[in-house]
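Inspection log for the structure reproduced underneath, given as structure tokens.
Since the structure is predicted, the reported quantities are computational estimates derived from the model, not experimental observations. Just so it is clear: chains get the letters A, B, ... in the order the sequence lines come, proteins before strands, and each one is counted from 1.
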Amino acid sequence: MAAPLKSFAARRALLSLATLALVGALALAAWLGAAALRPVGLYTGWLLLGLVLLLAFFNARKKLPFLPLLNAGTWLQLHVYAGWLTCFVFALHTGARLPGGRLEFLLWLCFIVVAASGVSGLWLSRWLPPRLARSGESLIYERIPLLRHRLETEAKALVHQAEAETKSTTLADFYLRELGGYFARSPALLAPLAGDDADYHRVKLELAALRRFLNEREAALADQLGELLEAKRNLDAQRAGQRLLKLWLFVHIPLTYGLLVLIGAHVWLVLHYSHRL
Amino acid sequence: MARSTSSAPHYPGSTAPQAPAKRAAAPERWDKPFSADMGETDVDLLLAHPLFISTQPGRFPASIPLRGILKNDARLRRFQKGEIIVRQGDYGHSAFVILDGAARVFLKEPTAEQLGHRRQVRPTVWGSFKRWLQRPRFAEQTTNRRSAAGLQMTRDGEARIFLQDVPGVLEPDRTALLGPGEMFGEIAALGRTPRTATIVADGDTQMLEIRWQGLREIRKYSPEWKQQIDQRYRERSLRRHLAETALFWNLSDEALGLIADATRFETFGEFDWHRAYNREREAGERERLEQEPLIAREGDYPNGLLLVRSGFARVSSRYNHGERTESYLGKGEAFGLGELVAGWRGKFRPLRHSLRALGYVDVLFIPTAVLEQHVFPQLTPEQLAVLTKDLAPASAAPQPDHTGNSFLEFIVAGRFINGRAAMLIDLDRCTRCDDCVRACAATHDNNPRFIRHGPESGGVMVASACMHCVDPVCMIGCPTGAIHRESINGQVEINPDTCIGCSVCAQSCPYGTIQMVALHDDAGLPVVTEETGEPIRRATKCDLCIDQPAGPACVNACPHDALLRADMRSFDDLNRWLRR
């Protein structure tokens, strides 16, 4: 068993300190370089390019699972802390100012969005999973539409059963008024961030309020409907949470490719106009 | 008596609970005889054979007559020269007696290829890279399925494995000859342990094969057979087992021999425990615990040491109106030692815990008197202090660990303690990115060998992946030995060349981690048999990336350190992982 010796907190503290030490060393080197009239912008530019390429390689590493080239867990740690370092080098390189040229501004904006999406993705990756775990049974994302359809079918069958067995339309009316819509609805995109299960609680309260109109058999079937409601609540939580955990990558990764193209153009322009090319 | 056969688990949205229960007759002991070809004449001949001439049928109960055992739990088999009867490392559920002809037992094991196994090669990065470049477009795509060396199918669909290079391998100095009347395989069959040697037929040989159920009954009701089997076990296996037990390390050979002579063998639970497990998994924990055979009861006088020889046992203690799990014992672990040592030192202690069989447990019982005479006087003061330090009465409240006592209950109830490499997913860290699934597919014919779904407790999921069990019930009954345990790291692997797609392993696996998959051709169409047009299937499961230089791809691909292949025998390590 490969149980790590360090706790996550210890690892975090160690890597944060190492990153801060590197940041301090780089800041000192940049200050000394500027005092010695060295081309600090050129140095930080090359360093930035190297760091961005290292960060981008993380995705390539994932596509080559057979390579005995450190595991993805180590790569993610490298990605996260090298990412923070890159942000600092970026600030050094740009002088923490908005660039003037159009290409440079586009490059600046692209970097900011990639970095921001990375930071928010990291936060989501740490914040959402425990909430999903407490919500209920973990479900496979691709199976959720099928499970939702099953729930809907089961709810309908229960309502039909109630009507057929008790000759009462209380549950059927409630289905048409509330339940049908609830089972068909999809959760909002940012629902997990808002803790949005108000709809579930409202429908559940409505169902509870119906009990005074139900006989014993209908009440038993209403209990089963309550279980389906709970299953749908978990389904929505799983779907919304997992969707959000995937969506940020659709911003982060494509923009990284865009960033690499823009960096290429920027490097070519810099070298061309500085007569180094 | 009719009984319900509907036991499908309830998942959200599942329609299973609403399906009407099917009714069927209660199963009888001999509903499925070992062989349909066993006739009354064969039984008469066997009863007159020297093997059974001294066995008194009158000792057997009317419900389990000797004749019935031979008719239903035994079969006659013919082997040809070079045909492998049992292979070292394979798990079997039957013993063999030579009726006519001879067999050879290997003193030095032949190579894996000669035995019809795949050659174990050390994985290289280049080899893995080449495999990745040549990865198929479709899942389980195959064009040139190699026919396994030595595998022959009979007309009636029976698979037979022959030794390769028979004259070269069957040299007299590498093998020992077994003649008529000799028995083998009974230790593995009764003890649920791997076969310890490879035995092949030396010319046309007729064998009597007795499955474990019948052998158990014959041993129980025939003192001659019991004496013979126990004696052979004492000679061949028990002394070695005792010598491997830490408690007896500093004993002389003579003392070890005396202990071996005094040791009693006891078995608890069902050999086919996986069937009962699947039947009862929907039952409540309390009912399940009550059905587990009791080996020792809390509060009783400890009159001997219990050593688990194979299988698992639950250590529990009373807690108000229920019983809580304290720990579990596996192979080589002892129960009641602290109490026995305390009694020897004049401080009598009743058993603090109960011991119950989880599935099938094979237990050795060593009487107190023998221990007091030969073992306890040899223990150092430090060993004695360790053995007696936890003898205070059990605390009233459950001992909390990171996940609470419920996690221990969960892994014991689910029998996940059987896993040597169970896939645990920390749901507090898993982002459901499926990188593990993609990595598995990329390294296994475009078809992931596990499902990222399974039972959960305390934020930990036991995913549906082969656990490479300590007690691999999937290996029992494989007709070609395609599913086998690797000798290097003990992974349970399926040889695709010898798998005939019979699905015995998939049906036996209590955890449902073996999938039968259809093979595809270059165009992505199913490959079908010439005779029936049915798709050709083979069993697939996690092989712990035995041919990957970096080890399990799923673990390496998880960026969030959420996945662990855990040896469930080490609960402390597991707790440390969860406490990170």
On a heavy-atom basis, the closest approach of B/M568 and B/I417 is CB-CA, 3.7 Å
Looking only at A/R126, A/Q242, A/Q77, the option with the highest number of non-hydrogen pairs under 4.5 Å against chain B is A/R126
Rounded to the nearest 0.5 angstrom, the CD-CZ distance for A/Q238 and A/R148 is 14.5 Å
Ordered numerically, the heavy-atom neighbours of chain A under 4.5 Å found in residues 440-450 of chain B are B/A442, B/T443
Review point. Relative to each other, are the rings of B/F410 and B/F407 parallel, tilted or perpendicular (30° and 60° limits)?
Key: tilted
Under 4.5 Å to a heavy atom of chain B? For A/K63 that would be backbone
If you tally heavy-atom pairs under 4.5 Å between each of B/A553, B/C430, B/A562, B/G459 and chain A, the highest tally belongs to B/C430
Cut-off 4.5 Å, heavy atoms of chain A, and the answer for B/A557 is backbone
A cation-pi test, strictly: NZ or CZ of A/K232 under 6.0 Å from the centre of the six-membered ring of A/Y182 and no more than 45 degrees from its axis. Yes or no? yes
Of B/P559, B/A550, B/G454, B/C433, the largest count of non-hydrogen pairs under 4.5 angstrom with chain A goes to B/P559
Margin query: Donor-acceptor pair, distance only, cut-off 3.5 Å: does the side chain of A/R233 make one with the backbone of A/S135?
Written below: yes
Interface check, chain B: of A/A155, A/P130, A/A10, A/A133, most non-hydrogen pairs under 4.5 Å belong to A/P130
If one checks every heavy atom of B/D426 against chain A at 4.5 Å, the contacting part turns out to be neither
Under-4.0 Å salt bridge between A/K62 and B/D435: yes
Rounded to the nearest 0.5 Å, the CZ atom of A/R11 sits from the OH atom of A/Y81 at a distance of 7.5 Å
If one checks every heavy atom of B/I451 against chain A at 4.5 Å, the contacting part turns out to be side chain
Strictly below 4.0 Å, N to O, side chains only: are A/K204 and A/E230 in salt-bridge contact?
no
Margin query: Closer than 4.0 angstrom, basic N to acidic O: yes or no for A/R134 and B/D428?
Written below: yes
CG of A/L171 to CD of A/Q161, rounded to nearest 0.5 Å, is 10.5 Å
So, the part of A/L132 with a heavy atom under 4.5 Å from chain B: the answer is both
By side-chain contact (heavy atoms from CB on, under 4.5 Å), A/A220 pairs with (sequence neighbours left out) A/R217
Pair count under 4.5 Å, heavy atoms only, with chain A: among B/E456, B/R429, B/R438, highest is B/R429
